[in-house]
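Presented below is the structure to which this report refers.
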Amino acid sequence: MKIAIAQTEAEVRACFPVMRELRMHLIEAEFPERVQRQSLHGFKLAYAEVDGEIKSVAGYRVSECLGCGRYMYVDDFITSEGARRKGLGERLLKWLIETAKAEGCTHVMLDSAVFRSASHELYKKLGMKETCRHFELDLSTVSA
């Protein structure tokens, strides 16, 4: 298994089918541009590849806040459905944790949908704790 950061447009495009399993609203033709635009703010797209095929993808960024200092936030984390429960996601998440340490981070954080209980078990297995609730407001639903 190879873990790397997508650096070329071809590598980014190769990540799309797996990322689409998590982010179904994404449009393939727009994906490389979105990744490029987000990379201007520190976003990186990591992937795990087995036998030349990408099976797991993680989008992340390193930032800093008053609450905990320097941290890694994992925006997106998905293993393709056919490759789950084989340890690929765990290996990619361990790689992210080691990368965060190397970047001088004190925390790794992510949000996960409440129905993704199998993912939650992996996070707990690796020592992550549920520490808060995420709230959001869809501004398209709010009148002026």
Side-chain angles (χ1 to χ4, degrees), residues 1-140:
M1 183 173 96
K2 168 188 165 185
I3 297 177
I5 296 173
Q7 297 186 5
T8 67
E9 185 175 333
E11 290 170 330
V12 170
R13 286 186 184 281
C15 292
F16 180 78
V18 177
M19 183 62 77
R20 182 79 195 284
E21 291 184 39
L22 178 66
R23 308 288 184 219
M24 293 169 270
H25 65 280
L26 291 176
I27 298 168
E28 187 170 8
E30 297 173 356
F31 185 63
E33 182 183 332
R34 286 186 73 165
V35 170
Q36 175 62 31
R37 193 169 53 247
Q38 288 179 217
S39 73
L40 297 174
H41 304 284
F43 180 83
K44 294 182 182 178
L45 189 62
Y47 63 89
E49 178 181 286
V50 177
D51 298 326
E53 190 174 339
I54 293 175
K55 301 288 189 178
S56 191
V57 176
Y60 71 95
R61 64 189 79 235
V62 171
S63 191
E64 191 168 341
C65 70
L66 296 174
C68 66
R70 192 168 172 83
Y71 67 94
M72 175 186 283
Y73 184 80
V74 181
D75 296 86
D76 318 284
F77 184 72
I78 185 75
T79 298
S80 64
E81 190 169 346
R84 292 180 188 156
R85 302 205 185 288
K86 297 178 181 174
L88 300 173
E90 181 175 349
R91 288 177 65 188
L92 181 55
L93 189 51
K94 285 179 176 178
W95 181 91
L96 288 167
I97 292 166
E98 290 306 312
T99 299
K101 288 178 184 177
E103 292 271 345
C105 296
T106 59
H107 292 77
V108 173
M109 298 181 225
L110 57 80
D111 288 333
S112 182
V114 295
F115 62 86
R116 296 193 179 276
S117 56
S119 297
H120 303 165
E121 292 307 312
L122 170 60
Y123 307 150
K124 290 174 187 175
K125 176 182 176 184
L126 295 180
M128 298 182 91
K129 294 176 176 48
E130 187 175 352
T131 59
C132 64
R133 296 186 184 258
H134 176 87
F135 295 88
E136 67 179 63
L137 174 63
D138 182 347
L139 295 176
S140 68

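Of the inter-residue distances, the one linking Arg116 atom CZ with Glu121 atom CD reads 14.5 Å to the nearest 0.5 angstrom. Atom-to-atom distance recorded for Arg61:CZ and Tyr73:OH is 9.0 Å, nearest 0.5 angstrom. Summarising the geometry, atom OG belonging to Ser80 is positioned 12.5 Å from atom CG belonging to Leu22; distances are rounded to the nearest 0.5 Å. Residue Ile3 holds its CD1 atom at 11.0 Å from CD of Glu49, rounded to the nearest 0.5 Å. The structure places CG of Leu96 at 10.5 Å from SG of Cys105, a figure rounded to the nearest 0.5 Å. Taking OG from Ser63 and CE from Met109, the interatomic distance works out to 9.0 Å, rounded to the nearest 0.5 Å.
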| Derivation of the side-chain contact (heavy atoms from CB on, under 4.5 Å) call for Val74 and Tyr123 | CA-CA 12 Å; Val74 181; Tyr123 307 150; over 6 Å; no

| message | Apply side-chain contact (heavy atoms from CB on, under 4.5 Å) to residues Arg70 and Glu103 and explain how you reach the verdict. | response | CA-CA 9 Å; Arg70 192 168 172 83; Glu103 292 271 345; 3.3 Å; yes

| request: Check the pair Phe16, Leu26 against side-chain contact (heavy atoms from CB on, under 4.5 Å), reporting the backbone distance first and the verdict last. | output: CA-CA 9 Å; Phe16 180 78; Leu26 291 176; 3.8 Å; yes

| query | Please walk me through it: do Phe43 and Arg37 pass side-chain contact (heavy atoms from CB on, under 4.5 Å)? | reply | CA-CA 9 Å; Phe43 180 83; Arg37 193 169 53 247; over 6 Å; no

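Side-chain atoms of Ser56 do not come within 3.5 Å of backbone N or O of Ala48 as any donor-acceptor pair. Judged by distance alone, with hydrogens and angles left aside, the side-chain atoms of Thr79 form no donor-acceptor pair with the main-chain N or O of Leu88 at under 3.5 Å. Formation of a donor-acceptor pair under 3.5 Å by the Lys86 side chain with backbone atoms of Gly82 is found in this model. Looking at His120, its side chain never comes within 3.5 Å of a backbone N or O of Glu130 through a donor-acceptor pair.
At least one side-chain heavy atom of Thr99 sits under 4.5 Å from a side-chain heavy atom of Tyr60. Under the 4.5 Å side-chain criterion, counting only non-hydrogen atoms from C-beta, Ile5 is not in contact with Leu45. The shortest distance between side-chain heavy atoms of His134 and Glu136 falls below 4.5 Å. Residues Leu122 and Phe77 meet the side-chain proximity criterion, which asks for heavy atoms closer than 4.5 Å.
A salt bridge links Lys94 to Glu90: one of the charged nitrogens lies within less than 4.0 Å of a carboxylate oxygen. Under the 4.0 Å criterion applied to side-chain N and carboxylate O atoms, Arg84 and Glu21 are assigned as salt-bridge partners. Look at Glu11 and Arg13 and you find no salt bridge, because none of the NZ, NE, NH1 or NH2 atoms lies under 4.0 Å from a carboxylate O.
The nearest pair of heavy atoms linking Thr106 to Cys68 is OG1-O, 2.8 Å. Closest approach of Val12 to Pro32, counting heavy atoms only: CG1-CA, 3.8 Å. Nearest approach of Met19 to Phe31, heavy atoms of both residues: CG-CE1, 3.9 Å. Summarising the geometry of Ala118 relative to Arg85, their closest heavy-atom pair is CB-NH2, 3.5 Å, with the distance given to 0.1 Å. Across all non-hydrogen atoms, the minimal contact from Met1 to Val50 is CG-CG2, 4.1 Å.
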